[in-house]
Amino acid sequence: MAGDNANLRVWSGADVRLAPLGSTTPTTLTEDWDAAFELVGLLSEDAGMEEGRNSTKKDIFTYGGGLGRTVNNKFKPTFKFTPAEYNDLVNEAMNPGREVTAGSGIVTIDSAVPTLYTVEWMVGLELADGDTVKRRIYWKVKFDPE
């Protein structure tokens with residue numbers, strides 16, 4: 001069976017949106033995003049966005065030591081994106097619960113925050129290759145600034 005070049009995708013357009021948990025999600029590819037899903041802004045050209053998955057594999061052995069089966073469990077989809085813009089939404093996601101003041105180009109972030117403070121988000125991804133569009137919606141995302 002030969003491959004089909006029509007199935008190749010070059011995702012030249014990408015939007016990342018953040019929304020509070022419980023926001024209304026689109027049900028079709030043509031439906032507009034709910035206003036709660038705010039655009040993160042431009043992404044870094046070099047780091048951009050990556051999707052992946054993590055899972056744990058477990059080998060099950062039969063009596064006598066033969067491998068009977070391998071099962072996957074603890075599946076977790078992952079993604080990473082690097083914003084090129086540092087706007088209010090990015091600042092809020094990167095510094096949850098911190099008091100932020102801005103003025104005259106200076107941003108002051110209060111560092112006195114409980115260590116276990118986390119905010120969970122919904123993340124909407126939209127990729128485009130010409131007229132072909134792909135959307136992914138992730139629930140309960142916690143940001144891990146590196």
Side-chain angles (χ1 to χ4, degrees), residues 1-60 67-146:
M1 175 154 122
D4 184 354
N5 288 341
N7 291 328
L8 294 175
R9 294 284 168 242
V10 178
W11 303 112
S12 58
D15 284 331
V16 177
R17 299 169 184 269
L18 300 181
L21 284 181
S23 298
T24 303
T25 60
T27 56
T28 68
L29 288 174
T30 56
E31 184 179 343
D32 288 338
W33 289 89
D34 186 83
F37 279 89
E38 294 182 60
L39 281 168
V40 168
L42 297 172
L43 301 181
S44 166
E45 179 184 18
D46 295 332
M49 184 191 69
E50 297 175 24
E51 287 185 276
R53 51 189 65 83
N54 290 331
S55 66
T56 303
K57 292 184 180 194
K58 180 178 180 182
D59 292 332
I60 300 172
L67 178 62
R69 187 172 170 191
T70 300
V71 294
N72 290 318
N73 58 13
K74 299 181 183 176
F75 174 81
K76 177 176 119 177
T78 62
F79 69 93
K80 181 164 89 170
F81 66 90
T82 304
E85 292 185 48
Y86 189 76
N87 55 36
D88 291 342
L89 182 61
V90 171
N91 183 57
E92 184 181 346
M94 299 293 288
N95 302 291
R98 295 187 174 139
E99 196 65 36
V100 177
T101 54
S104 303
I106 299 173
V107 177
T108 305
I109 301 170
D110 179 9
S111 60
V113 177
T115 332
L116 298 177
Y117 190 95
T118 59
V119 174
E120 293 180 325
W121 298 81
M122 293 173 67
V123 176
L125 307 177
E126 183 169 296
L127 304 173
D129 178 10
D131 292 335
T132 302
V133 174
K134 174 174 99 168
R135 285 184 174 174
R136 298 276 189 267
I137 299 171
Y138 295 90
W139 296 75
K140 292 192 174 186
V141 174
K142 296 178 185 176
F143 283 87
D144 183 17
E146 294 182 357

Point to revise | side chain to side chain donor-acceptor pair (under 3.5 Å) partners for T56, two or more places apart | key: none

Revision key, fill the gap. Rounded to the nearest 0.5 Å, the CZ atom of R69 sits from the CG atom of D59 at a distance of 12.0 Å

Check your understanding: What is the distance from atom OG1 of T70 to atom CD1 of I60, rounded to the nearest 0.5 Å?
Key -> 8.0 Å

Check your understanding: To the nearest 0.5 Å, what is the distance between CZ (R135) and OG1 (T30)?
Key -> 7.5 Å

Point to revise | Those residues that, when tested against D4, pass side-chain contact (heavy atoms from CB on, under 4.5 Å) (two or more places apart) | key: A6, N7

Exercise for review: First locate atom CG of L89, then atom CZ of R17, and finally report the distance between them rounded to the nearest 0.5 Å.
Suggested key: 11.0 Å

Review point. Can you list the steps and then say if Y138 with L125 is a side chain to side chain contact (heavy atoms under 4.5 Å, CB included)?
Key: CA-CA 8 Å; Y138 295 90; L125 307 177; 3.4 Å; yes

Check your understanding: Which atom pair, heavy atoms only, marks the closest approach of S23 to A36?
Key -> OG-CB, 3.5 Å

Study note, to complete from the structure: Heavy-atom closest pair (F37 atom, G124 atom, distance to 0.1 Å) is CE2-N, 4.0 Å

Review point. With respect to M122, which candidate in D34, T25, T24, L18 satisfies the side chain to side chain contact (heavy atoms under 4.5 Å, CB included) definition?
Key: T25

Check your understanding: Measuring from D129:CG to R9:CZ, what's the distance to the nearest 0.5 Å?
Key -> 5.0 Å

Check your understanding: Crowded around K134 NZ? As in, over 12 foreign heavy atoms under 6.0 Å?
Key -> yes

**Study point:** Side-chain heavy atoms of P83 within contact of V16, under 4.5 Å
**Key:** no

Revision key, fill the gap. Shortest non-hydrogen pair, S55 vs N72, comes out as OG-OD1, 4.1 Å

